[in-house]
**Student:** 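Can you read through this structure? Questions will come right after.
Note that the structure is predicted; figures quoted are calculated from it, not measured.
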Amino acid sequence: MALPEAPEEPDRDRPDPPRRQPTEPVAQLMPLRAALARSVGAGLGVVVALFALFYLLIGHPHLAHEPLTSDGLFNLLKLAFAVVAGIGGTVALVMNYRKQRLAEIKAEQETGAEARAGRVEMREQDKLFTERFTQAAQQTGSERAAVRLAGMYALARIADDSIRDRPTCLKFLCAYLQMPWLPVGQVEPDTDPTVRISNAGERQVRLAAQALLAERLRCDHPGFWPDAAIDLREATLIEANFDGCKFAHASFEDACFISGASFGSTQFTDTASFKGASFQDDVAFTESTFTSSSNFSNAKFGGNAFFGKTSFILATFEGTTFTGLAHFPEALFDGVANFTRSQFQEEADFSTAQFRAARFDAASFHGIARFPDAVFHESAMFAGAVFEQEARFDTTKFKADTWFSKARFNDTANFSDARFDQDAWFHGSKFKQSAGFKRTTFGHGTWFDSAIFSGSTRFDTAIFSGGARFTTTVFAGPAWFDTAVFNSEARFDNARFEKTAKFDKASFARDSPPIWPSGFNLPAVSEVHLETLETERSPD
């Protein structure tokens, strides 16, 4: 009889079957069940302890076996209900805590998952942007103009897709336009034809880059770039068209504008600098708005410059050269307008312009200077200015102190119907041709000391409400003061009238008779009105 085989030794090296681990929320809630059991047990223990303590305090009473009355049964039920209610409240409290904890755990898990997903998505976006940007940047560095053009469009598309990466793309576009480039027309004729073709292709690339930039600076574009800071210092821009654009901070310092430029109805919401910029052809800023400071100092306008109806806050044109027409009619300067040492080679038109405060001291006007109906609300400074052709200030309003001291008028100076509400300084100024102040109103003190009038001078019907000083003034031509009104002191001491001086029906203040130059043959003035007084300088 065969012996039964011995049972196999258990394989001690075989791992135990894995136990099923509770899920994370259940695992975290297992201590809650123990807490619930402990709470119920604690409640029962408290009841028993209280009963035992009561039993001891009353001295171990003998329990008589009396029948249970209805009142006793009622009290017993109340006690039982109170115990049950206490235990139920404890259970409800624990269950509510359990629900709240479950919700918190779930929310924490969801938040963590969302954060992890967000980080993953951000890393993917960064990776995708880096790949796209690198590819576009490589394209813009290609020797082939068509490839560079494709790179420009790719950069603009990246900026449209990612607001976070938009500034990087914007800086790259600006940096490309800042790179040195020689316009096609400036390439030497004997240059290698291949270079000339490449130069012409680069022109198209730059035109596209400018257009892509300008399109996204307009509010009606789907990919509008608000608050974009533009840095185009030393850039070469061709046929730049920024009409209707909205700039935040914008710098065009030392930029070169070729074949014209247009900034019509453009908004500059932050500082805008065109310092040292060169505009080789016509440029238009018509109806543009500068809501912060604007700097055009030392800029050169080779063609006509149109600033009609443009609005400025702080405008600096110090040392600026206008080779063509300088057109500023109806312009609004709400802050200081600084045109110190500016040169206007052709006509300068500021008619109907509004100035808060203006400085044209040492400015040179080689063409006609037009300021009719302009208004200067605060100080106006034209000290040392030179007017080579006609200077028109007729119907101009100067509401604060005004300086034309040591100004030179080499052609006709027309201030007819102008109004000076405060002090007007013309001392040391020179008028080589005729000077017209007919019907001009001087509301305060007026100084023409040491001025020289080489041509005819007309102050007919002028009104001098404050003191009028013409001491040491030279009238080399005829001087008319007919029907002029001097409401305060009028001083002509040491003045020289080398031709006829007419004061027909001029009026002088009764308490302040005029002071005439020595040797001037005039009768004694005893009346307020001088009637039909025509005098000439005595032949001494």
Side-chain angles (χ1 to χ4, degrees), residues 376 379-380 382-383 393-394 396-407 409 413-431 434-520 522-531 533-535 537:
F376 295 84
S379 59
F382 287 86
F393 289 89
D394 42 317
T396 303
K397 296 178 178 62
F398 300 91
K399 295 189 175 183
D401 292 350
T402 304
W403 285 266
F404 281 91
S405 50
K406 296 184 179 180
F409 298 88
N414 187 356
F415 287 86
S416 299
D417 297 296
R419 195 179 81 195
F420 296 86
D421 291 345
Q422 298 297 325
D423 291 344
W425 301 81
F426 284 86
H427 61 279
S429 55
K430 296 180 180 180
F431 300 84
S434 60
F437 290 87
K438 295 178 64 174
R439 298 177 300 277
T440 302
T441 301
F442 297 93
H444 214 259
T446 306
W447 284 264
F448 281 91
D449 309 60
S450 302
I452 299 176
F453 294 90
S454 299
S456 61
T457 306
R458 308 210 59 144
F459 283 92
D460 347 13
T461 325
I463 299 176
F464 298 88
S465 296
R469 293 176 60 98
F470 289 88
T471 60
T472 66
T473 304
V474 176
F475 296 90
W480 284 271
F481 287 85
D482 298 345
T483 65
V485 176
F486 296 86
N487 291 323
S488 187
E489 181 185 43
R491 299 191 58 169
F492 291 87
D493 44 322
N494 296 319
R496 287 168 50 193
F497 291 90
E498 297 181 357
K499 298 290 184 180
T500 301
K502 295 186 176 182
F503 286 83
D504 291 358
K505 298 183 180 179
S507 299
F508 294 87
R510 183 186 299 273
D511 58 350
S512 182
I515 301 176
W516 302 107
S518 59
F520 198 65
L522 282 175
V525 179
S526 58
E527 300 294 334
V528 175
H529 298 283
L530 296 180
E531 298 182 356
L533 176 60
E534 181 174 342
T535 63
R537 184 173 180 271

**Student:** Rounded to the nearest 0.5 Å, what separates atom CG in Asn494 from atom OG1 in Thr472?
**Tutor:** 7.0 Å
**Student:** Check whether any side-chain heavy atom of Thr396 lies under 4.5 Å from a side-chain heavy atom of Phe415, and answer yes or no.
**Tutor:** no
**Student:** Taking atom types as modelled, is there a side-chain donor on Thr483 or Thr461 under 3.5 Å from an acceptor on the other?
**Tutor:** yes
**Student:** Return the OG to CZ distance between Ser450 and Phe470, rounded to the nearest 0.5 Å.
**Tutor:** 12.5 Å
**Student:** How are the rings of Phe497 and Phe503 set relative to one another: parallel (under 30°), tilted (30 to 60°) or perpendicular (over 60°)?
**Tutor:** perpendicular
**Student:** Give, for atom OG of Ser434 and atom CZ of Arg458, the distance between the pair rounded to the nearest 0.5 Å.
**Tutor:** 10.0 Å
**Student:** Hey, does Glu489 have a side-chain heavy atom less than 4.5 Å from the side chain of Ile515?
**Tutor:** yes
**Student:** Is it the case that the side chain of Ser507 and the backbone of Val485 share a donor-acceptor pair, with hydrogens and angles ignored and the cut-off at 3.5 Å?
**Tutor:** no
**Student:** Going by the rule side-chain contact (heavy atoms from CB on, under 4.5 Å), which residues pair with Ser488 if we only count those two or more places apart in sequence or in a different chain?
**Tutor:** none
**Student:** Side chains of Phe453 and Thr473: closer than 4.5 Å at any heavy-atom pair?
**Tutor:** yes
**Student:** Apply salt bridge (Lys or Arg N to Asp or Glu O under 4.0 Å) to Asp482 and Lys502, showing your working.
**Tutor:** CA-CA 6 Å; Asp482 298 345; Lys502 295 186 176 182; 5.9 Å; no
**Student:** Please confirm whether the ring centroid of Phe448 lies under 6.0 Å from the ring centroid of Phe437.
**Tutor:** yes
**Student:** Which atom pairs, donor and acceptor, lie under 3.5 Å between side-chain atoms of residues 398-407 and protein residues at least two apart or in another chain?
**Tutor:**
unit_1, atom_1, unit_2, atom_2, d
Asp401, OD1, Asp423, N, 3.3
Thr402, OG1, Ala400, O, 3.1

**Student:** Answer whether the closest heavy-atom distance between the side chains of Asp394 and Asp417 falls below 4.5 Å.
**Tutor:** no
**Student:** Where does the angle between the aromatic ring planes of Phe492 and Phe486 fall among parallel (under 30°), tilted (30 to 60°) and perpendicular (over 60°)?
**Tutor:** perpendicular
**Student:** Among Phe464, Phe426, Trp447, which one satisfies side-chain contact (heavy atoms from CB on, under 4.5 Å) with Arg469?
**Tutor:** Trp447
**Student:** Give, for atom CZ of Arg419 and atom CD1 of Ile463, the distance between the pair rounded to the nearest 0.5 Å.
**Tutor:** 11.5 Å
**Student:** What distance do Thr457 atom OG1 and Lys438 atom NZ have between them, rounded to the nearest 0.5 Å?
**Tutor:** 13.0 Å
